[in-house]
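Single-structure report; data block below.
Heavy-atom basis, side chains included; hydrogens, waters and symmetry copies ignored. Positions are given from 1, in the same order as the sequence printed here.
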Amino acid sequence: MTNTGRKKIIFVDDQVSNLMIGRNVLSNEYDVFTVPSAEKLFVLIEKVYPDLILLDVAMPDIDGYVTIEKLKADPKFEPIPVIFLTAKNDTSSELKGLSLGAIDYITKPFSPPLLLKRIEVHLLLRDQKEQLENQKKQLSTYNENLEEIIKEKTKTIIELQNAVLETVAELVEARDDVTGGHIERTQLYLKILFDGLREAQIYEEEIKDWDVDIVVQSAQLHDVGKISINENILNKPGKLTTEEYEEIKQHTLVGGKIIEHIQGRTTEHKFLEFTKTMAMTHHEKWDGSGYPHGLKGTEIPLEGRLMSIVDVYDALVSERPYKKAFTHEEAVDIIRDGSGTQFDPTLVELFLIEQEKFRETSGNISPTRSFIRNFVAPSSRKMAKESEKKAKESGEV
């Protein structure tokens with residue numbers, strides 16, 4: 001049959017006269033298909049999918065109640081709205097029909113205008129329901145796409161943030177003529193200890209709300225305060241004077257102030273709080289002899305105690321202007337000896353368990369001279385040596 005674009009209605013009734021009346025009433029508005037039994041309905045419905053079914057209740061062989069139960073049991077036909085037409089006019093029959101899934105219950109003989117109007121209303125409701133479902137699907141798709149867009153934007157922002165942080169950290173590191181890779185290594189060491197804490201269920205309460213990515217990322221700026229320290233002091237190959245050492249110690253306080261300044265310009269404080277804590281406390285010692293505040297034991301935040309171990313380990317196994325690199329074994333012995341004095345004993349025990357991972361990480365991150373380093377401090381060690389030489393010649397040291 002040619003598609004007229006009109007709504008399709010199947011009218012099921014065992015009385016031919018009713019079918020003829022129904023066709024005459026409805027055919028001006030709809031494509032009407034008439035069948036005299038439920039059996040014929042199930043044959044026709046495989047070929048013609050209707051927008052609505054008018055279903056007589058009292059039919060031989062299969063009545064309307066059984067018919068609607070079969071329709072509603074099939075997912076393919078379940079959405080089709082069904083209106084019961086019956087000569088019965090009792091509440092129990094109507095209630096039974098509605099409970100089986102009929103959308104309306106019209107008694108015969110029916111009023112043609114009323115029948116048309118009720119069909120119009122129900123088809124309108126069906127169309128609106130379909131539109132609503134389509135809108136919900138479209139909204140769901142939009143939300144999914146929006147989530148992906150937000151994820152991509154967030155990823156881009158995080159990548160940009162990391163790039164800026166890494167550049168700032170390299171800028172600071174470049175002034176301190178440290179062998180390249182210090183930032184990357186300390187981040188990897190920190191993750192090793194962090195993962196070890198979780199696996200061993202150590203300091204569970206303190207780290208339960210920590211995001212490992214945020215904690216690791218925040219380690220990049222632990223030495224940001226060194227940007228304020230004179231290069232000659234940072235890169236001095238010999239022993240520092242008391243005054244020079246006091247100036248070096250100020251980098252923890254300066255670092256804290258720099259990060260506090262950043263905090264005052266943003267609403268994102270979690271990451272910066274970790275960063276500030278590491279910057280200000282990674283030189284505190286377990287026995288209270290560290291700086292800048294002489295904190296003792298668990299007065300030192302866990303972030304600082306963790307950073308202290310990874311920072312010292314990397315300093316020991318790396319060549320610096322004032323020393324040659326220690327072997328991994330020598331570094332492990334020094335940290336073990338510092339348990340209970342410089343370092344948290346619990347974290348030292350964890351470090352000793354994870355030490356092979358530290359060795360592997362140290363060997364995998366090759367010392368490099370960064371792009372920033374090439375421009376910022378290509379001659380800082382030379383300047384420091386010349387300064388030291390002049391000081392010796394003048395008798396100042």
Which atom pair, heavy atoms only, marks the closest approach of Ile10 to Val48? CD1-O, 4.0 Å
Within the distance-only criterion (no hydrogens, no angle test), does the side chain of Ser362 pair as donor or acceptor with the backbone N or O of Phe358 below 3.5 angstrom? no
Working for side chain to side chain contact (heavy atoms under 4.5 Å, CB included), residues Phe271 and Asp213: CA-CA 10 Å; Phe271 162 76; Asp213 293 329; over 6 Å; no
Residue from Ile309, Asp311, Val215 passing side chain to side chain contact (heavy atoms under 4.5 Å, CB included) with Leu190: Val215
What are the two closest heavy atoms between Tyr105 and Ser93, and how far apart are they? OH-CB, 3.2 Å
Could you pull out the closest heavy-atom pair between Asn18 and Asp13, with the gap in Å? ND2-OD2, 3.3 Å
Sequence neighbours excluded and cut-off under 3.5 Å, please list the side-chain donor-acceptor pairs for residues 37-45, or say none.
unit_1: Ser37; atom_1: OG; unit_2: Glu39; atom_2: OE1; d: 3.4
unit_1: Ser37; atom_1: OG; unit_2: Lys40; atom_2: N; d: 3.3

Report the relative orientation of the aromatic rings in Phe84 and Tyr65; use parallel for angles under 30°, tilted for 30 to 60°, perpendicular for over 60°. perpendicular
Just by modelled atom types, is the Ala315 backbone N or O under 3.5 Å from a matching donor or acceptor in the Ser318 side chain? no
Validation row: Leu132, Gln135 side chains within 4.5 angstrom (heavy atoms): yes
Could you tell me whether the side chain of Ile103 reaches within less than 4.5 Å of the side chain of Ile83, counting heavy atoms only? yes
Shortest non-hydrogen contact from Thr277 to Pro301? CG2-CB, 3.4 Å
Identified side-chain hydrogen bond (donor to acceptor under 3.5 Å, both in side chains) counterpart of Arg305 within the set Thr298, Thr346, Asp344: Asp344
Indicate the atoms forming the closest heavy-atom contact of Ile80 with Pro50, along with that distance. CD1-CD, 3.8 Å
Within the 4.5 Å heavy-atom criterion, are Leu26 and Leu54 side-chain neighbours or not? yes
Is the count of non-hydrogen atoms from other residues, nucleotides or ligands lying under 6.0 Å from Lys72 atom NZ greater than 12? yes
Side-chain contact test, heavy atoms from C-beta onward, threshold under 4.5 Å: evaluate it for Ile21 versus Asn24 and give yes or no. no
Measure from the side-chain N and O atoms of Gln220 to the backbone N and O of Gln217, and report whether any donor-acceptor pair falls under 3.5 Å. yes
Side chains of Glu69 and Leu100: closer than 4.5 Å at any heavy-atom pair? yes
Contact check, side chains of Ile335 and Gln355, non-hydrogen atoms, under 4.5 Å: no
Donor-acceptor pair, distance only, cut-off 3.5 Å: does the side chain of Thr156 make one with the backbone of Glu152? yes
If only atom types and distance count, is the side chain of Gln187 paired as donor or acceptor with the main-chain N or O of Val216 below 3.5 Å? yes
Using 30° and 60° as the class boundaries, would you call the ring planes of Trp210 and Phe194 parallel, tilted or perpendicular? parallel
Looking at Arg198 and Asp195, is there a salt bridge between them, counting it only when a charged N and a carboxylate O are closer than 4.0 Å? no
Does the Asp314 side chain pair with the main chain of Val310, one donor and one acceptor, at a distance under 3.5 Å? no
Is there a chain of hydrophobic side chains (I, L, V, M, F, W, Y, each step under 4.5 Å between heavy atoms) that links Met20 to Phe110? no
Decide whether Val32 and Val35 are clustered together by the hydrophobic rule: side chain heavy atoms of Ile, Leu, Val, Met, Phe, Trp, Tyr closer than 4.5 Å, transitively. no
For Ile149, the rest of its hydrophobic cluster, which grows through side-chain links under 4.5 angstrom: none
Tracing side-chain links under 4.5 Å among I, L, V, M, F, W and Y, which residues wind up in one group with Met280? Leu253
Side-chain heavy atoms under 4.5 angstrom apart, residues restricted to Ile, Leu, Val, Met, Phe, Trp, Tyr: same cluster for Leu350 and Val312? yes
I'd like to know whether Glu244 forms a side chain to side chain contact (heavy atoms under 4.5 Å, CB included) with Ile248, so could you lay out the CA-CA distance, the side-chain angles of the two residues, the decisive distance to 0.1 Å, and finally the verdict. CA-CA 6 Å; Glu244 289 170 337; Ile248 283 283; 5.7 Å; no
Judged by modelled atom types alone, do His122 and Arg126 share a side-chain donor-acceptor pair under 3.5 Å? no
Given 3.5 Å as the limit, does a donor-acceptor pair link the side chain of Ser140 with the main chain of Lys136, or not? no
Any link between Phe33 and Tyr30 through a network of hydrophobic side chains (Ile, Leu, Val, Met, Phe, Trp, Tyr) touching at under 4.5 Å? no
Mind checking whether Tyr291 and His251 have side chains closer than 4.5 Å, heavy atoms only? yes
Determine, stepwise, if the pair Asp127 / Glu130 fulfils side chain to side chain contact (heavy atoms under 4.5 Å, CB included). CA-CA 5 Å; Asp127 288 345; Glu130 287 182 351; 4.2 Å; yes
When rounded to the nearest 0.5 Å, the distance separating CD1 of Ile119 from CG of Leu52 is 6.0 Å
I'd like to know if Lys357 and Glu360 make a salt bridge, using a cut-off of under 4.0 Å between side-chain N and carboxylate O. no
Under the side chain to side chain contact (heavy atoms under 4.5 Å, CB included) rule, what do Leu197 and Leu193 come out as? Steps first, then yes or no, please. CA-CA 6 Å; Leu197 286 177; Leu193 288 184; 5.5 Å; no
Under a 4.0 Å threshold between the charged nitrogen and the carboxylate oxygen, would Glu46 count as salt-bridged to Lys76? yes
Value for CD (Gln128) from CG (Leu124), rounded to nearest 0.5 Å, stands at 4.0 Å
In Å and rounded to the nearest 0.5 Å, what is the NZ to CG distance from Lys117 to Leu115? 12.0 Å
Assess whether salt bridge (charged side-chain N to carboxylate O under 4.0 Å, His left out) is satisfied between Lys257 and Glu260, documenting all intermediate values. CA-CA 5 Å; Lys257 289 179 180 178; Glu260 283 178 356; over 6 Å; no
Any donor-acceptor N/O pair, Lys249 side chain to Thr252 backbone, under 3.5 Å: no
On a heavy-atom basis, the closest approach of Ile258 and Gly225 is CD1-CA, 4.4 Å
Can you find a pair of side-chain heavy atoms, one from Val224 and one from Thr275, that are under 4.5 Å apart? no
I'd like to know whether Lys7 forms a salt bridge (charged side-chain N to carboxylate O under 4.0 Å, His left out) with Glu120, so could you lay out the CA-CA distance, the side-chain angles of the two residues, the decisive distance to 0.1 Å, and finally the verdict. CA-CA 10 Å; Lys7 301 288 187 185; Glu120 178 186 344; over 6 Å; no
Working to the nearest 0.5 Å, report the span between CD1 of Ile150 and CD of Glu147. 7.0 Å
State the CG-CD1 distance between Asp209 and Ile214, to the nearest 0.5 angstrom. 11.0 Å
Transitive ILVMFWY side-chain link Phe326 to Tyr189, under 4.5 Å: yes
Taken to the nearest 0.5 Å, the spacing of Ile192 CD1 from Ile353 CD1 works out to 13.5 Å
Is a side-chain donor or acceptor of Thr281 paired with a backbone partner of Glu284 at a separation under 3.5 angstrom? no
If you draw a 6.0 Å radius around OH in Tyr49, do more than 12 non-hydrogen atoms from other residues or ligands fall strictly inside? yes
With no hydrogens and no angle check, is any side-chain donor or acceptor of Arg6 less than 3.5 Å from a backbone partner on Ser27? yes
